[in-house]
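Everything below concerns the one structure shown next.
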Amino acid sequence: MEGLKGRSFCNWAKTYSCNPKLYFEPSTVEEIVQVVERARDDGMHVKVVGLGHSPSDIACTPDYMICLQKFNRVLAIDAKRMTVKVESGISICELNEFLPQHGLALSNLGSVAEISVGGAISTATHGTGGEFGVISTTVLSFDLLLASGEIMHCSCADNTDVFLACLCGLGALGIFLSVTIQCEATFNLHQQQAVTTLDNVLANLEENITSCEHFRICWYPHTDDVIYWKCNRTEKPIKQKTGWFWDYGVGYYSLEFMIWLSSFWSGLLPFINQTYFKFVYGVPAERVDRGDKVFSFECLFKQYVMEWAIPRSATGKVLLELKQWIEDNSFPAHAPVEVRFVKKDDIWLSPAYGRDSCYINIVMYRPYGKYIPHDDYWAAFESIVKSVGGRPHWAKDHTVGRDEFQRLYPKFEDFCQMRNRLDPDGLFMNDYLRRVLEVNSDAQNQSEFSEMAQFKA
């Protein structure tokens, strides 16, 4: 198939962009195979992108880019076994609308539904819940297009090592074609929102995690205040209360303006966090709604994001050290700091590999697209989480390279050897993958695709 020239790519947050030589939008397996064959013949690399939500350069390439938004059909549904087979370009939000029509639902979701199934699997996207793993743990099987043009079927029983490697494969091993996912019967969630202090929620952390199916925390820097949510499946009817004025008029549009003002006077930021917590967010509430709608979280406007997974037992240490650093350095940290919990798994490069994990996500917003300095905050957070053996979320900003990953992941070297075997010529490689997978690669170098690199140019 023919590719488009002059088509640029930019991620959702507009923090990373690239200009591929050719941009393809295949809608069939045959067309995807054609693009891979052409890239191989032309000596080009090829990268796949879904909806472009990753706040990193993981999908960026100057060579050939494949967008799978048109490769998004539901191929089969088995109501009895509660499974669905889909093309990998389908978005989670499309699937959330389709499955309830057949009495099914995905068991757990991340905060954002505007991501592709293939992308969610490739980076081990996660939700929250002490007994729930990353989204990849619900995958039963998939068909993978290799660099050679071969299509390999993988599951727990077939090509098991490839299966476990690809469930967080970073797009380095091949291209997902079809994916079969384990679902459950459609359900409503009863969400209870409450307010407490950071010290209190940490003192009762294990009890909070185990007392409900899905537990999530948002701490507001420059305060001791925390909102937490407990969610459980319920037979109760849908019940929710929303209002445009508070949810968007104040909680979105006025907040963006206030954060923009704080970019000129950083001393305003603590007041913003305290005020918005007290009058907008820090209010006890209850809600019953369809599960996927409760899982989804309003991420507000464009932002820089960093997230790390740490041993669950280190949650308190990390949050308190981060709070102390912010106070000691008077850094204008934006809110919230989101905290979620994930069950351990055996996926080779999953941040939750081998240990029950706590994911901590920090943000700095980009009001009206403005660049906001955040390097000191990022470096301090990385230093704190690294001290407890933290592992970065693969789709988000980090500066970790191969040497550190080898220490963090027992199966990392096995993954690299598998990549060399399945893609010996590096067809699916890009700058991001070279930084994290190759020997002597300098992970500290700023990506050529980042907003900051362009800002400095």
Side-chain angles (χ1 to χ4, degrees), residues 9-18 20 23-27 32 35 46-61 64-74 84-96 98 106 108-127 133-139 142-145 154 163 165-181 292 295-297 299 305 307 342 347-352 359 361 392-398 428-430 432-433 436 449:
F9 164 78
C10 188
N11 70 339
W12 172 79
K14 299 189 183 303
T15 51
Y16 290 88
S17 62
C18 64
Y23 184 92
F24 299 88
E25 296 182 322
S27 60
I32 298 173
V35 177
V46 61
K47 290 306 299 177
V48 172
V49 65
L51 276 71
H53 206 281
S54 294
S56 73
D57 61 332
I58 191 169
C60 290
T61 181
Y64 290 174
M65 176 172 279
I66 299 176
C67 174
L68 291 184
Q69 289 189 41
K70 294 181 180 179
F71 188 66
N72 64 343
R73 294 180 302 155
V74 175
V84 63
K85 183 178 182 179
V86 299
E87 292 177 331
S88 64
I90 194 170
S91 68
I92 297 292
C93 53
E94 288 174 317
L95 207 46
N96 286 340
F98 174 83
L106 299 175
N108 199 15
L109 295 171
S111 298
V112 178
E114 291 78 18
I115 57 176
S116 69
V117 165
I121 298 168
S122 295
T123 57
T125 296
H126 65 95
V134 299
I135 290 176
S136 299
T137 60
T138 64
V139 174
F142 54 78
D143 288 337
L144 185 73
L145 176 62
C154 300
F163 179 71
C166 283
L167 290 179
C168 184
L170 316 179
L173 305 179
I175 299 174
F176 288 119
L177 299 175
S178 65
V179 181
T180 300
I181 303 170
D292 62 275
F295 286 136
S296 295
F297 182 65
C299 292
V305 185
E307 184 174 33
V342 174
I347 298 168
W348 287 10
L349 295 191
S350 165
Y359 282 73
N361 186 87
H393 191 307
W394 291 102
K396 301 181 181 181
D397 278 338
H398 65 83
F428 299 121
M429 294 293 280
N430 65 353
Y432 174 93
L433 291 176
V436 301
F449 304 117

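Between Ser54 and Ala395, the shortest heavy-atom distance links the atoms OG-CB, 3.6 Å. Heavy-atom minimum distance, Cys67 versus Pro26: O-CD, 3.5 Å. Of all heavy-atom pairs spanning Val112 and Cys299, the tightest one is CG2-SG, 3.5 Å. Considering all non-hydrogen atoms of both residues, Cys166 and Leu173 come closest at SG-CD1, 3.6 Å. Between Thr138 and Ile135, the shortest heavy-atom contact is OG1-O, 2.7 Å. Of all non-hydrogen atoms in Ser350 and Val134, the two that sit nearest each other are OG-CG1, 4.0 Å.
Contact annotation: the side chain of Met65 approaches that of Cys18 to within less than 4.5 Å [non-hydrogen atoms, C-beta and beyond]. Annotation: side chain of Val86 is not in contact with side chain of Arg73 (no heavy-atom distance under 4.5 Å). Side chains of Val179 and Lys85 form no contact here, defined as non-hydrogen atoms less than 4.5 Å apart. A 4.5 Å side-chain heavy-atom check between Leu51 and Ser91 finds at least one atom pair inside the cut-off. Between Leu95 and Ile90, some side-chain heavy-atom pair lies under the 4.5 Å cut-off.
Here the CD1-CG distance, from Ile58 to Asn430, works out to 7.5 Å after rounding to the nearest 0.5 Å. Between the CZ atom of Phe71 and the CD1 atom of Ile175 there is a distance of 9.5 Å, given to the nearest 0.5 Å. Distance CG/Leu68 to OG/Ser116: 7.0 Å, rounded to 0.5 Å. Once rounded to the nearest 0.5 Å, the distance linking OG of Ser136 with CD1 of Ile347 reads 4.5 Å.
Distance alone, capped at 3.5 Å, places no donor-acceptor pair between the Asp143 side chain and the Ser178 backbone. A donor-acceptor distance shorter than 3.5 angstrom exists from the side chain of Ser88 to the backbone of Phe176, with no hydrogens or angles considered.
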Give the intermediate values and the outcome of side chain to side chain contact (heavy atoms under 4.5 Å, CB included) for residues Thr180 and Val84. CA-CA 6 Å; Thr180 300; Val84 63; over 6 Å; no

Start with the C-alpha distance between Tyr16 and Cys60, add both sets of side-chain angles, then the distance that settles side chain to side chain contact (heavy atoms under 4.5 Å, CB included), and finish with yes or no. CA-CA 8 Å; Tyr16 290 88; Cys60 290; 4.2 Å; yes

May I have the step-by-step check of side chain to side chain contact (heavy atoms under 4.5 Å, CB included) for Leu349 and Trp394, ending in yes or no? CA-CA 9 Å; Leu349 295 191; Trp394 291 102; 4.0 Å; yes

Does Leu177 form a side chain to side chain contact (heavy atoms under 4.5 Å, CB included) with Glu87? I'd like the steps, not just the answer. CA-CA 6 Å; Leu177 299 175; Glu87 292 177 331; over 6 Å; no

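Between Tyr432 and His398, the angle of the ring planes goes over 60°, which puts this pair in the perpendicular group of the 30/60° scheme.
Phe24 has its ring centre less than 6.0 Å from the ring centre of Tyr64. Less than 6.0 angstrom separates the ring centroid of Phe163 from the ring centroid of Phe142.
Contacts of Glu307 classified as side chain to side chain contact (heavy atoms under 4.5 Å, CB included), with partners at least two apart in sequence or in another chain: His126, Arg340, Tyr359, Asn361, His393, Lys396. Applying the side chain to side chain contact (heavy atoms under 4.5 Å, CB included) criterion to Asn96, with sequence neighbours excluded, gives Ile92, Leu106, Leu109, Ala113, Asp292. Remark: Glu94 pairs with no residue by the salt bridge (Lys or Arg N to Asp or Glu O under 4.0 Å) rule, at least two apart or across chains.
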